[in-house]
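Okay, so here's the structure we're looking at.
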Number of protein chains: 2
Amino acid sequence: MDESQIPEWCKHWLEPRDDHSRKRLLLLRAAFDAVAESGFEGLRTRAVASLAGVNVATLHYYFPTKQDLIQGLAQYLQAKFIVVHGPKPAPSGFPALDRLRQEFSDSRYYFACEPRLLLVNLELGVRGKRDPEVQRVMEEMHFHWRQGLEEMIQEGIASGVFRNDIARQEMLSLLITLLSGIVIAGGDRIGELERVTEAWILSDKVKKRLARQREPK
Amino acid sequence: MDESQIPEWCKHWLEPRDDHSRKRLLLLRAAFDAVAESGFEGLRTRAVASLAGVNVATLHYYFPTKQDLIQGLAQYLQAKFIVVHGPKPAPSGFPALDRLRQEFSDSRYYFACEPRLLLVNLELGVRGKRDPEVQRVMEEMHFHWRQGLEEMIQEGIASGVFRNDIARQEMLSLLITLLSGIVIAGGDRIGELERVTEAWILSDKVKKRLARQREPK
DNA sequence: ATCAGAGTCAATCAGCTGATTGATTTATTT
DNA sequence: AAATAAATCAATCAGCTGATTGACTCTGAT
């Protein structure tokens with residue numbers, strides 16, 4: 001992951017300088033653990049405070065209401081997803097392809113190393129269906145992700161790495177739906193999906209060049 | 001939808017004869033409404049009983065614990081998904097293609113006419129991550145769906161309707177992930193996805209024949 | 001008519017839940 | 001040193017929550 005791409009506000013969010021923000025973050029991490037453990041259904045302010053080693057009243061000092069805590073958690077998750085990524089795939093010589101492979105690498109990484117991130121994401125997603133405040137944050141997150149993929153596709157088609165006989169929007173819809181599906185359909189078979197997706201999205205020219213690279217003879 | 005495919009147990013489930021099962025179902029429908037309205041987080045036995053026009057104690061007579069009610073709800077949802085389908089697509093002359101189009105028709109129908117079904121399904125899916133009893137029912141549901149798709153693919157490839165240069169398992173994985181993704185990625189753009197999917201999965205022969213049918217000239 | 005069992009409900013229980021209060025401590029400024 | 005603000009906690013509140021109890025009704029069998 002290109003570290004320089006991580007925005008400033010995000011670093012400040014996850015590595016605050018002042019004590020106030022640090023303790024705030026401590027509480028959010030506790031809330032994250034609590035939700036990962038027992039979902040929103042089982043989320044209790046007392047449990048969060050206890051996990052953070054703090055009195056309940058202190059929690060309410062930082063987050064006046066439970067709702068404030070939950071909104072804070074949504075923002076915490078957003079920052080997390082911007083920072084946490086899977087290992088960078090080996091350069092293929094085609095930037096768009098590398099970018100695509102990064103998406104699958106991320107998915108693999110989340111399933112293998114950060115399953116709770118996916119769990120809490122799912123919880124917040126469901127809650128967002130009824131909670132407009134949470135929904136706003138989740139949609140913002142989704143928007144940035146979508147925008148990144150859109151740039152990838154545009155670059156991929158322009159550079160001849162991706163096929164040019166499919167409309168950008170259709171390519172984008174399919175990719176987003178597919179990557180979203182991975183999160184709920186299960187983490188096994190990501191390798192299969194990656195192979196099929198590449199076979200579908202890459203231009204014939206690039207596919208042939210990649211095949212030649214694999215068997216130099 | 002082929003009505004004869006609906007199993008007997010499912011009919012009995014949704015149209016019970018005896019009073020006991022009928023009232024049981026009444027309570028489950030109330031539970032469904034309650035979860036659709038405010039999620040599991042806001043599910044209260046009192047609210048369910050009230051929605052069903054019944055005393056709380058009566059609810060506990062039919063469902064000794066809240067957990068029993070939730071497990072019942074999971075089974076109710078399972079029966080619902082077996083019975084409720086979108087309109088049958090116009091016959092294309094290719095059974096496998098019709099079957100595929102039915103999947104997209106279902107998705108469209110759920111989004112347009114039964115959004116609460118998707119909502120409760122999502123809620124139960126998330127709960128299943130922590131509730132083994134619910135998970136069992138959800139996995140059973142998923143298994144039948146997967147099996148149906150597997151048969152479709154097998155038949156599609158054997159009859160030359162689907163392309164034969166992709167492994168069955170890969171085709172299945174992609175299709176399941178894609179259809180799962182639709183549920184969370186949003187109901188707009190299903191048309192786009194259907195078009196792209198057909199372009200991807202159909203054999204060249206069938207694609208040409210379909211194009212000829214569209215422009216008979 | 002009597003009895004047994006299924007079904008229903010008002011009332012209640014013990015414990016939990018989000019939030020508040022008021023006192024106390026800690027850090028910063030004047 | 002004194003004053004002000006920030007931070008923390010034990011104790012408490014009012015209301016909710018899942019579940020139980022015991023009394024009452026209805027139905028069908030004896």
Side-chain angles (χ1 to χ4, degrees), chain A residues 12 16-74 76 120 123-124 127 130-134, chain B residues 12 16-74 76 120 123-124 127 130-134:
Chain A
H12 291 165
R17 293 195 205 95
D18 56 304
D19 281 354
H20 186 88
S21 299
R22 245 197 297 272
K23 180 144 274 186
R24 201 184 128 91
L25 185 59
L26 185 77
L27 283 161
L28 288 178
R29 269 201 273 262
F32 179 91
D33 291 344
V35 171
E37 182 69 26
S38 36
F40 277 109
E41 197 190 337
L43 181 64
R44 300 291 175 257
T45 52
R46 277 170 171 79
V48 174
S50 176
L51 249 84
V54 148
N55 188 281
V56 203
T58 303
L59 183 149
H60 277 100
Y61 175 76
Y62 286 88
F63 301 95
T65 68
K66 191 182 180 181
Q67 175 66 13
D68 292 328
L69 180 68
I70 292 172
Q71 283 172 232
L73 177 61
Y76 172 73
V120 175
E123 289 277 354
L124 277 164
R127 192 190 167 90
R130 278 178 213 90
D131 183 337
E133 313 277 0
V134 168
Chain B
H12 291 166
R17 293 194 205 95
D18 55 305
D19 281 354
H20 186 88
S21 299
R22 246 197 296 271
K23 182 145 274 186
R24 200 183 128 91
L25 185 59
L26 185 77
L27 283 161
L28 287 179
R29 268 202 273 261
F32 179 91
D33 291 343
V35 171
E37 182 68 28
S38 34
F40 277 109
E41 195 189 339
L43 182 63
R44 301 288 174 259
T45 52
R46 275 171 171 79
V48 174
S50 177
L51 250 88
V54 150
N55 188 281
V56 205
T58 303
L59 182 147
H60 277 99
Y61 176 75
Y62 287 88
F63 300 95
T65 67
K66 191 182 180 181
Q67 175 66 11
D68 291 328
L69 180 68
I70 292 173
Q71 282 172 234
L73 177 62
Y76 172 73
V120 175
E123 289 278 353
L124 277 165
R127 193 191 166 90
R130 278 178 213 88
D131 183 337
E133 313 276 0
V134 168

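Heavy atoms only: backbone and side chains are in, while hydrogens, waters and symmetry mates are out. In what follows, chains are A, B, ... by sequence order, proteins preceding strands, each numbered from 1.
- Ring geometry for B:Tyr61 against B:His20 counts as perpendicular: the plane angle is over 60°, on a 0 to 90° scale with 30° as the lower cut.
- Summarising the geometry, the separation between CZ on B:Phe63 and P on D:dT20 is reported as 16 Å, rounded to the nearest angstrom.
- Taking atom CG on A:Leu27 and atom P on D:dC9, their separation rounds to 10 Å, with Å as the unit.
- Looking only at side-chain heavy atoms (C-beta outward), A:Ile70 and A:Phe63 stay at 4.5 Å or farther from each other.
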Tabulated below should be each protein N or O lying under 3.5 Å from an N or O of nucleotides 13-17 of chain D; please produce it.
{"residue": "D:dT17", "atom": "OP1", "partner": "B:Arg44", "partner atom": "NE", "Å": "2.2"}
{"residue": "D:dT17", "atom": "OP1", "partner": "B:Arg44", "partner atom": "NH2", "Å": "3.4"}
{"residue": "D:dT17", "atom": "O5'", "partner": "B:Arg44", "partner atom": "NE", "Å": "3.3"}

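- Per the geometry, CG belonging to B:Leu69 stands 12 Å off C1' belonging to D:dG18, to the nearest Å.
- For the residue pair B:Val134 and B:Leu124, the shortest heavy atom distance occurs at CG1-O, 3.5 Å.
- A 6.0 Å sphere centred on CD of A:Glu41 holds more than 12 heavy atoms belonging to other residues, nucleotides or ligands.
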Report the C-alpha separation of B:Asp18 and B:Ser21 in whole Å, then their side-chain angles, then the decisive distance to 0.1 Å, and conclude whether the side chain to side chain donor-acceptor pair (under 3.5 Å) test is met.
CA-CA 6 Å; B:Asp18 55 305; B:Ser21 299; 3.0 Å; yes
Contact state string [nucleotides 5-10 of chain C, B base, S sugar-phosphate only, - no protein heavy atom under 4.0 Å]
-SSBBB
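- Smallest separation of non-hydrogen atoms from B:Phe40 and B:Val35: CE2-CG2, 4.1 Å.
- The two residues A:Leu51 and A:Asp33 come nearest to each other via the heavy atoms CD2-CB, 3.6 Å.
- Applying the side-chain contact (heavy atoms from CB on, under 4.5 Å) criterion to B:Glu133, with sequence neighbours excluded, gives B:Gln67, B:Gln71, B:Asp131.
- At whole-Å resolution of the value, NE2 in B:His60 and P in C:dT12 are 19 Å apart.
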